[in-house]
Amino acid sequence: MIKLKNFNYTLLHQDKNSKARLGKLNVFGKEVITPVFMPVGTKATVKFLSPEDIKKIGASIILSNTYHLWLRPGNEIVAKAGGLHKFMNYDGPILTDSGGFQVFSLADFRKISEEGVTFKSHLDGTKLFMRPEDSIKIQMDLGSDIAMSFDECIPYPATYDYTKKSMERTLRWAKRGKDMHTREDQALFGIVQGGDFEKLRKYCAKELTKMDFDGYSIGGTSVGEDKATMYRMIDYSIAELPSDKPRYLMGVGAINDILNGIERGVDMFDCVLPTRIARHGTLMTSEGRINIKRQIYKDDFRPLDSECDCECCKNYTRAYLNHLFRNNEGLGMRLLSIHNLRFLVRLVEGAREAIKEDRFLEYKEYILNKYHFDERGF
RNA sequence: GGAGAGGUAGCGAAGUGGCUAAACGCGGCUGACUGUAAAUCAGCUCCCUACGGGUUCGGCAGUUCGAAUCUGCCCCUCUCCA
């Protein structure tokens, strides 16, 4: 087993009234204070944003994707460039998802076996095969700071039998991946699966913990289940995870979900939601959800969100943003992406402050009451 | 003045006797979006007191059981020649 030289999690403060925790993740000399929200840059770019934009937003770590970079430009090219950081000119921490989510999202194009997953490339239909070992090898080539185990993200609902079978296979895949992971400058996280079954979630978390990963992810959430179920999945998973390692709730980025996750002891979140909805004209603001494309904003010369300090809100009006969207101008997508990301970064920043003072639950209530978001949480 | 071509819903453009309130595209309006096949996708877009009804395809008058589609006259636009 390899020993990482410079990766560890330090619990800075445990909230007295909930499981919320303030922590410090040392990622090979780069510091990430948790809870943290990680913007998603699937294809080695947070769509429409430069690395400089990402830093200005206050994001301290971002995501990228193994499956997509494997197809294009190919891990060899990224390795040849000197690794993902150099390739995309981003020196902050990068976490790569293993391709496990594509097992779910590209369901029409794949077949799962014990050995691995057969994909039909979504780009040109080429037959592809990815084993857990391949995913780890690719991630080592990419040189991300944190790699993920290759898992199967199952849909919801799923039967107990299938969920159990899949989860056990995911455990075997986790072991196979871990056995061949050799980079000392890259952490590796295991992923808890088990659907909405308490027994399976707990078993999975325990087994992964035995394998001693550098951190643990909670996968298989936000795939169609209701909120209460998602929160239960988180509780079941965290119940058996060690407190001295970071916990990452994969793919979750709605405001109420982030707050509920933090309350339950989650340290890391990532989600395409803020950037995707931004590109589609939807914003998270202190007034609630706004769709900038609506005609009422055509002559609204107020800033998007008067309480926000981002580049978009400080410099541009709703009328201008509406105009940019009506004309399909890329600047609109960039500015709105900046805003939504900044909104979530500020949300978790506020959570950290609150945890420090043991008032996380009050903070959560304050946020949920203040912003008029519906059940979806944005 | 002469010779052609054409006028269809906000715009462009199909349709050339019934299956047409009228394809399709754009524009407009409203939604959706949670480890990114996503600058994407879905619905609506003549009027109304709306599981029904009322008016449409430059205008008017005809032919026909039935017309945006056929006939006549009129109005308008574009191209070429003088």
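Residue numbers start from 1 in every chain, and the chains themselves are labelled A, B, ... in the order their sequence lines are given, proteins ahead of strands. Computed from a prediction, not measured in an experiment: that's the story for all the values here.
A/Tyr363 and A/Arg352 are not linked by any side-chain donor-acceptor pair at a separation below 3.5 angstrom, with hydrogens and angles left out of the test. Between the side chains of A/Asn65 and A/Gln102, at least one donor-acceptor pair of N or O atoms lies under 3.5 Å. Side chains of A/His280 and A/Asn291: a donor-acceptor N/O pair is absent below 3.5 angstrom, by distance only. Judged by distance alone, the side chains of A/Gln139 and A/Thr96 do bring a donor and an acceptor atom under 3.5 Å apart.
Using atom C1' as the reference point in both B/rG12 and B/rC33, the two lie 32 Å apart (nearest Å). Here, B/rU55 and B/rA21 have their C1' atoms 10 Å apart, quoted to the whole Å. Taking atom P on both nucleotides, B/rG58 is separated from B/rU49 by 28 Å, rounded to a whole Å. Taking atom C1' in both B/rA67 and B/rU16, the straight-line distance is 10 Å, to the nearest Å. The P atoms of B/rC41 and B/rC26 are separated by 10 Å, rounded to the nearest whole Å. Comparing B/rA5 with B/rG10, their C1' atoms sit 25 Å apart, to the nearest whole Å. For the P atom pair drawn from B/rU45 and B/rA23, the interatomic distance equals 11 Å after rounding to whole Å. Separation of the C1' atoms belonging to B/rG72 and B/rU64 is 16 Å when rounded to the nearest angstrom.
Base pairing of B/rU30: its partner is B/rA42, meeting the Watson-Crick or G-U wobble criterion (both donor-acceptor distances under 3.5 Å). Here B/rA22 sits opposite no nucleotide as a Watson-Crick or G-U wobble pair (both hydrogen-bonding atom distances under 3.5 Å). Base pairing analysis places B/rA14 opposite nothing; no Watson-Crick or G-U wobble pair with both distances below 3.5 Å involves it. Using the Watson-Crick or G-U wobble rule with both distances under 3.5 Å, B/rG6 pairs with B/rC76. The partner of B/rU49, taking Watson-Crick or G-U wobble pairs whose two distances both stay under 3.5 Å, does not exist in any strand shown. With a cut-off of 3.5 Å on both pairing distances, B/rC57 has no Watson-Crick or G-U wobble partner at all. Applying the Watson-Crick and G-U wobble criteria (two distances, each under 3.5 Å), B/rG1 pairs with B/rC81.
In this structure the side chain of A/Arg302 never reaches within 4.5 angstrom of the side chain of A/Thr317, judged on heavy atoms. Residues A/Glu240 and A/Arg201 have side chains not in contact (no heavy-atom distance under 4.5 Å, counting atoms from C-beta outward). A/Tyr90 places none of its side-chain heavy atoms less than 4.5 Å from the side chain of A/Glu52.
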One pair to check against side-chain contact (heavy atoms from CB on, under 4.5 Å): A/Ser60 and A/Glu31. What are the steps and the verdict?
CA-CA 8 Å; A/Ser60 55; A/Glu31 188 175 84; over 6 Å; no

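Along RNA chain B, the nucleotide nearest to A/Ser149 and the one nearest to A/Gly330 differ in position, and the one closer to the 5' end is contacted by A/Ser149.
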Summarise protein proximity over nucleotides 26-33 of chain B in one line of letters, 5' to 3': B for base, S for sugar-phosphate only, - for none, counting protein heavy atoms closer than 4.0 Å.
--SSSSBB

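Atom CZ in A/Phe101 sits roughly 11 Å away from atom P in B/rA38 (whole-Å rounding). Following rounding to the nearest Å, A/Met268 (CE) and B/rU34 (C1') show an atom-to-atom distance of 17 Å. With rounding to whole Å, A/Asp257 atom CG is found 11 Å from B/rG35 atom P. B/rA37 atom P lies 13 Å from atom CZ of A/Arg110, rounded to whole Å. Atoms CG (A/Asp97) and P (B/rA37) sit 10 Å apart, rounded to a whole Å. A/Ile154 has its CD1 atom 17 Å from the P atom of B/rG35, to the nearest Å. Between A/Met333 atom CE and B/rA39 atom C1' there is a gap of 3 Å when expressed in whole angstrom units. Look at CG on A/Asp108: it is 14 Å from P on B/rA38, rounded to the nearest Å.
Contact annotation for A/Lys43: backbone-only contact, meaning every heavy-atom pair under 4.0 Å involves sugar-phosphate atoms and none involves a base. Note on A/Asp151: a base of the nucleic acid sits closer than 4.0 angstrom, heavy atoms only. Using a 4.0 Å heavy-atom distance criterion, A/Leu63 is classed as a sugar-phosphate-only contact. The residue A/Phe269 sits apart from the nucleic acid: no heavy atom pair falls under 4.0 Å. Base contact: A/Gln193 has a heavy atom under 4.0 Å from a base atom.
At the phosphate of B/rA37, OP1 or OP2 sits under 4.0 Å from a side-chain N or O atom of A/Ser105. Residue A/Gln102 has a polar side-chain atom (N or O) positioned under 4.0 Å from OP1 or OP2 of B/rA37. Side-chain nitrogen and oxygen atoms of A/Thr42 include at least one within less than 4.0 Å of the OP1 or OP2 phosphate oxygen of B/rU36.
Every residue two or more places apart in sequence or in another chain was checked for a side chain to side chain contact (heavy atoms under 4.5 Å, CB included) with A/Lys80, and none qualifies.
With respect to A/Phe119, the ring-ring contact (aromatic ring centres under 6.0 Å, His included) criterion is satisfied by exactly one of A/Tyr67, A/Phe104, A/Trp70: A/Tyr67.
The nucleotide whose nearest atom lies closest to any side-chain atom of A/Tyr248 is, among B/rG35, B/rU36, B/rA37, B/rG35.
Residue-to-nucleotide contacts include a donor-acceptor pair under 3.5 Å from the side chain of A/Thr275 to the base of B/rU36.
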